[in-house]
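Only one structure is covered here, and it is reproduced in the block below.
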Amino acid sequence: MKKFGSVALVGRPNAGKSTLVNRLLGEKLAIVSDKPQTTRHRMVGLLSEEPGQLVFFDTPGVHRPLHRMNRQMVQHAVDALEEADVVALLVDVTTSFGAGDQYLLDLLAKSGGEGVKIAVLNKADRVLHKEKLLPEIARYANTGLFRDIVPISAKTGDGVDRLLALFWELVPEGEAAYDPELLTVHPERFLVAERIREKVLAATRDELPFSTAVKLDAYEESDRLVKIYATLLVERPGQKAILVGRQGEMIKRIGTAARQDVEEFLERKVFLDLRVREEPDWRENADILSALERDVF
């Protein structure tokens, strides 16, 4: 029998979940940034190989939510770990164990899901003396929560083949639920909006990455050209001024980088029109959040 099952990647912000899912899929699905809270939705990646089909859930980093949007993000992660056949807790071994890590362990212990749990110790390539991993391995082994503990580097690929083999071993038998040609279930326009947001994250700092969203206003396709009209939402006048930049320099730079990335993704010429709009407290606005969620699937 073929294998079919779901794997939830959960962890704190910046643990490397999106980098790992892209590595496992062999293609870029999730956007990647050094900013915490880059992933805002449950991203679904599909891997179809000879053994069967795996459905990966790349989830937002679990953190203390300060806004309605953040509560929604954390709920996406909790829902995924409740539903998945395998729950992989990603741990950044270059950071010290703290209250956030303990909260995640408590969350896994209380989870009503029946998924098999494994601990994935990521960024092991940045630990110069590998014996320093031993206390971390012991820490997670002593919880009694995890069937396996696997050190990896999502960035270099070290240990990822072993991890993938473990996923295949742990998921149940079953027939594929999705077309094996598919990489994801998300619509093209959502993935485009995410790539635009990735360029905003790369160009900005401080509070702006957290308080910016990308809303697609129009998406017009033809054989040779895709016309995309998008609005960047911010919360305050000062944030709008930064995103627009002096004589429009910043928004032009973001637009150029985003257009080039989207053209490579779509394999077509792209016309991209970006505007910036101030929308006070949009992260608390249920209507705006619902509209953004509708674009995900």
Derivation of the side-chain contact (heavy atoms from CB on, under 4.5 Å) call for Phe56 and Val44: CA-CA 6 Å; Phe56 291 108; Val44 179; over 6 Å; no

CA sep, side-chain torsions, deciding dist, call: Val185, Leu46, side-chain contact (heavy atoms from CB on, under 4.5 Å): CA-CA 8 Å; Val185 297; Leu46 306 174; 4.2 Å; yes

Steps toward side-chain contact (heavy atoms from CB on, under 4.5 Å) verdict (Arg224, Lys269): CA-CA 6 Å; Arg224 295 186 178 182; Lys269 282 290 185 183; over 6 Å; no

Full working for side-chain contact (heavy atoms from CB on, under 4.5 Å) between Val150 and Leu121: CA-CA 6 Å; Val150 186; Leu121 306 186; over 6 Å; no

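By the criterion of side-chain heavy atoms lying less than 4.5 angstrom apart, applied directly or through intervening Ile, Leu, Val, Met, Phe, Trp or Tyr residues, Leu166 is not grouped with Ile137; the two fall into different hydrophobic clusters. Met43 and Leu9 fall within a single hydrophobic cluster, where Ile, Leu, Val, Met, Phe, Trp and Tyr side chains are chained together by heavy-atom contacts under 4.5 Å. Both Leu164 and Leu29 belong to a common hydrophobic cluster when Ile, Leu, Val, Met, Phe, Trp and Tyr are linked at side-chain heavy-atom distances under 4.5 angstrom. Clustering ILVMFWY residues whenever any of their side-chain heavy atoms sit less than 4.5 angstrom apart, transitively, puts Val55 in a cluster other than the one holding Leu89. Transitive grouping of hydrophobic side chains (ILVMFWY, heavy atoms separated by less than 4.5 Å) keeps Phe297 and Met73 in distinct clusters.
With contacts defined as side-chain heavy-atom distances shorter than 4.5 Å, the pair Ile152/Asp125 does not qualify. The shortest side-chain heavy-atom distance between Glu50 and Lys2 falls under the 4.5 Å cut-off. Glu278 is listed as a side-chain neighbour of Pro237, based on a closest heavy-atom distance under 4.5 Å.
Under a 4.5 Å side-chain heavy-atom criterion applied to ILVMFWY residues, the cluster that includes Leu201 comprises Ile31 as well.
Among residues at least two apart or in separate chains, side-chain hydrogen bond (donor to acceptor under 3.5 Å, both in side chains) pairs with a member in residues 76-92 are Ser6-Asp85, Arg42-Glu83, Gln75-Asp79, His76-Glu293, Asp92-Thr94, Asp92-Lys123. Here side-chain hydrogen bond (donor to acceptor under 3.5 Å, both in side chains) pairs that include residues 108-118, with residues two or more places apart or in two chains, number zero. Pairs engaging residues 140-149 under the side-chain hydrogen bond (donor to acceptor under 3.5 Å, both in side chains) rule: Arg147-Glu169 [sequence neighbours left out]. The stretch residues 173-183 participates, sequence neighbours left out, in no side-chain hydrogen bond (donor to acceptor under 3.5 Å, both in side chains) pair at all. Applying the ring-ring contact (aromatic ring centres under 6.0 Å, His included) test to pairs two or more places apart or on separate chains, those with a residue in residues 240-282 are Tyr229-Phe271.
Looking only at distances, no side-chain donor or acceptor of Lys199 sits under 3.5 Å from a matching main-chain atom of Ile254. For Ser48 (side chain) and Gln53 (main-chain N/O), no donor-acceptor pair under 3.5 Å exists by modelled atom type. The backbone N or O of Trp168 lies less than 3.5 Å from a partner atom in the side chain of Lys3, making a donor-acceptor pair. With hydrogens and angles disregarded, no donor-acceptor distance shorter than 3.5 Å links the side chain of His186 to the backbone of Thr184. Judged by distance alone, the side chain of Asp281 and the main-chain N or O of Glu284 form no donor-acceptor pair under 3.5 Å.
Closest heavy-atom contact between Gln37 and Asn70: OE1-ND2, 2.9 Å. Shown here for Val62 and Pro13, the closest heavy-atom pair between the two residues is O-CD, 3.3 Å. Taking each heavy atom of Thr39 and Pro60 in turn, the nearest pair found is O-CB, 3.2 Å. The shortest non-hydrogen separation linking Leu266 to Glu188 is CD2-CD, 3.3 Å. Considering every non-hydrogen atom in both Arg268 and Ser222, the closest pair reads NH1-O, 3.3 Å. The two atoms that bring Ile118 and Phe146 nearest to each other are C-CD2, 3.4 Å, heavy atoms only.
By the salt bridge (charged side-chain N to carboxylate O under 4.0 Å, His left out) test, Arg277 pairs with Glu279, sequence neighbours left out. Residues passing the salt bridge (charged side-chain N to carboxylate O under 4.0 Å, His left out) test with Arg23: none are found, sequence neighbours excluded. Checked against side chain to side chain donor-acceptor pair (under 3.5 Å), Arg275 has the following partners two or more places apart in sequence or in another chain: Asp273. Listed by chain and number, the residues in a side chain to side chain donor-acceptor pair (under 3.5 Å) with Asp158 are Thr156 (sequence neighbours excluded).
Here the CD1 atom belonging to Ile196 is positioned 7.5 Å from the CG atom belonging to Leu232, to the nearest 0.5 angstrom. Taking CG of Asp295 as the start and OH of Tyr219 as the end, the distance is 11.5 Å to the nearest 0.5 Å. Taken to the nearest 0.5 Å, the OG1 atom of Thr59 stands 9.0 Å off from the CG atom of Leu90.
Arg195 and Glu198 are not joined by a salt bridge, as no carboxylate oxygen comes within less than 4.0 angstrom of a charged side-chain nitrogen. Ionic pairing of Asp261 and Lys28 is present here: one or more N-O contacts between side-chain nitrogen and carboxylate oxygen are shorter than 4.0 angstrom. By the 4.0 Å N-to-carboxylate-O rule, Glu194 lies close enough to Arg197 to be salt-bridged with it.
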Show every donor-acceptor pair shorter than 3.5 Å between a side-chain atom in residues 204-217 and any protein atom, with sequence neighbours excluded, or say none if there are none.
from: Thr204; atom 1: OG1; to: Val200; atom 2: O; distance (Å): 2.7
from: Glu207; atom 1: OE2; to: Arg283; atom 2: NH1; distance (Å): 3.2
from: Glu207; atom 1: OE2; to: Arg283; atom 2: NH2; distance (Å): 2.7
from: Ser211; atom 1: OG; to: Glu207; atom 2: O; distance (Å): 3.1
from: Ser211; atom 1: OG; to: Gln239; atom 2: NE2; distance (Å): 3.1
from: Thr212; atom 1: OG1; to: Leu208; atom 2: O; distance (Å): 2.6
from: Lys215; atom 1: NZ; to: Asp217; atom 2: OD1; distance (Å): 3.1
from: Asp217; atom 1: OD2; to: Thr231; atom 2: N; distance (Å): 3.4
from: Asp217; atom 1: OD2; to: Thr231; atom 2: OG1; distance (Å): 2.5

Output a table of donor-acceptor pairs, distance under 3.5 Å, between side-chain atoms of residues 99-108 and any protein atom two or more places apart or on a different chain; print 'none' if there are none.
from: Asp101; atom 1: OD2; to: Arg12; atom 2: NH1; distance (Å): 2.9
from: Asp101; atom 1: OD2; to: Gly98; atom 2: N; distance (Å): 2.8
from: Gln102; atom 1: NE2; to: Asp106; atom 2: OD1; distance (Å): 3.0

